[in-house]
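Reading through the structure tokens given below for one structure.
Just so you know, these numbers use all the heavy atoms, side chains as well, and skip hydrogens, waters and symmetry mates. Throughout, protein chains are lettered first and strands after them, A, B, ... in sequence-line order, and every chain is numbered starting at 1.
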2 protein chains.
Amino acid sequence: MAEDVHAVAARRLRRVEQRYTPGRRALVDALIAAGRPVTIGELGAARPHLPQSTTYRNLGVLEQAGVVRRVVGTDEFSRYELAEELTGHHHHLVCVSCGAVEDFEPPSRLERSLDAVIDSVAEDTDFRAESHRLDLLGTCATCRA
Amino acid sequence: MAEDVHAVAARRLRRVEQRYTPGRRALVDALIAAGRPVTIGELGAARPHLPQSTTYRNLGVLEQAGVVRRVVGTDEFSRYELAEELTGHHHHLVCVSCGAVEDFEPPSRLERSLDAVIDSVAEDTDFRAESHRLDLLGTCATCRA
DNA sequence: CTACTTGCAAATGCTTTGCAGGAGA
DNA sequence: TCTCCTGCAAAGCATTTGCAAGTAG
């Protein structure tokens with residue numbers, strides 16, 4: 001599976017005339033391993049000597065290429081995860097206490113409702129909705145302990 | 001309606017031992033007038049001479065008191081709106097191009113689905129969901145023009 | 001070789017904070 | 001009068017950028 005991701009990442013980077021360097025590959029590996037949106041700090045923890053500016057820059061490039069996606073939670077830190085085309089459509093559980101974010105896949109019935117809502121909004125307003133973002137806010141097990 | 005909001009705001013501030021000063025009242029008025037989440041910059045535009053630090057501080061106080069809520073969009077600016085207890089439960093249309101946010105009320109059928117999902121998540125995971133946040137992402141009329 | 005990448009360091013810009021004067025209760 | 005609030009200025013901190021050296025192709 002990881003190999004597939006790397007193959008897609010390499011292809012998408014090439015499409016925007018960027019290289020799939022070891023540093024960028026390591027970032028993608030870290031995101032695969034995490035399996036949830038992680039902060040820049042968490043990504044850098046694996047390589048403390050590496051300057052964060054490079055991480056920021058590479059995540060920016062990967063985002064442009066459509067390999068990763070920026071996720072906003074409730075705290076002041078940006079989080080990143082693999083793009084949905086690579087992981088499948090999903091939503092997030094956001095801890096309002098510590099800011100941690102986990103993935104979560106809602107029943108397909110709900111997804112159909114959401115899609116229907118998008119269509120109806122398109123009819124009722126002059127806003128053109130392309131996608132949706134659904135987060136459940138609450139407290140994670142760690143913060144409740 | 002504005003008077004009701006002010007009454008509630010005053011009560012909530014008193015509960016946390018804070019005063020409902022003219023500056024804070026003006027903020028609440030601006031939020032009522034806006035009718036959508038607005039940035040600090042937009043709030044300050046009405047009083048250019050006022051230091052933004054005061055705006056930040058007062059919004060912080062109002063947030064603690066449960067009068068306003070912080071809304072995160074896709075850009076780097078924080079936005080604020082009146083708390084849902086004052087405006088009613090709703091969701092947001094977020095423009096991915098300019099970052100503007102508008103309110104939107106989904107059909108009650110969808111809300112029931114969302115509530116059901118929250119309940120099922122509570123059963124399936126060790127995350128305790130309290131509320132949800134649904135944003136439709138797309139482009140606003142202005143950006144499409 | 002040529003262009004993209006990286007590391008380092010400095011800058012940027014939103015947001016927060018310290019402090020002294022001013023206003024509410 | 002005592003506490004909270006405001007204005008001003010300076011500091012914080014995540015994020016961005018300039019520049020020179022390194023490296024992929």
Requested in this report: Mind checking T21(A) for me? I need base, sugar-phosphate or nothing, with any heavy atom below 4.0 Å counting as a touch.
Outcome: sugar-phosphate

| So does S53(A) get a side-chain nitrogen or oxygen closer than 4.0 Å to the phosphate oxygens (OP1/OP2) of dA9(C)? | no

Whole-Å distance, L59(B) CG to dT6(D) P, equals 11 Å

Review point. dT6(C) phosphate, OP1 or OP2: any side-chain N/O from N58(A) under 4.0 angstrom?
Key: yes

Rounded to whole Å, the OH-P distance (Y80(B) to dC14(C)) equals 14 Å

Winner on side-chain proximity to R57(B), out of dA14(D), dC19(D), dT17(C), is dT17(C)

Quiz prompt | R70(A) and S78(A): side chain donor to acceptor below 3.5 Å | solution = yes

*Under 3.5 Å, is there an N or O donor on one side and an acceptor on the other linking the side chain of R14(A) and the base of dG25(D)?*
no

**Item:** Sugar-phosphate, base or nothing in reach of R24(B), heavy atoms under 4.0 Å
**Value:** sugar-phosphate

Distance check: side-chain N/O of Q18(B) vs OP1/OP2 of dC4(D), anything under 4.0 Å? no

Of L50(A) and E76(B), the one whose closest nucleotide on DNA chain C sits nearer the 5' end is L50(A)

- Message: Could you go through T55(A) and L27(A), starting from their C-alpha distance and side-chain angles, then the distance that decides it, and tell me whether this counts as side-chain contact (heavy atoms from CB on, under 4.5 Å)?
- Response: CA-CA 8 Å; T55(A) 305; L27(A) 272 180; 4.0 Å; yes

### E102(A) versus H91(A), side-chain donor and acceptor atoms under 3.5 Å
no

Original post:
Within less than 4.0 Å of OP1 or OP2 of dC14(C), is there a side-chain N or O belonging to S78(B)?
Top reply: no

In whole angstroms, the gap separating C1' of dG12(D) from CD of Q52(B) amounts to 16 Å

Q64(B) atom CD is separated from dC4(D) atom P, nearest whole Å, by 15 Å

Here the distance between atom P of dA24(D) and atom CG of L13(A), to the nearest Å, is 16 Å

The nucleotide from dT15(D), dC19(C), dT17(D) with an atom nearest the side chain of Y56(A) is dT15(D)

- Exam field: side chain E84(A) to backbone H90(A), donor-acceptor pair closer than 3.5 Å: yes

Atom CG of L62(A) and atom P of dT5(C) are separated, to the nearest Å, by 10 Å

In short, salt bridge (Lys or Arg N to Asp or Glu O under 4.0 Å) pairs touching residues 16-41 of chain A with sequence neighbours left out are E3(A)-R25(A), R36(A)-E42(A)

F77(A) atom CZ is separated from dG12(D) atom C1', nearest whole Å, by 12 Å

Given dT23(D), is OP1 or OP2 found less than 4.0 Å from the side-chain N or O atoms of R19(A)? no

Rounded to whole Å, CG of L27(A) lies from C1' of dT6(C) at a distance of 13 Å

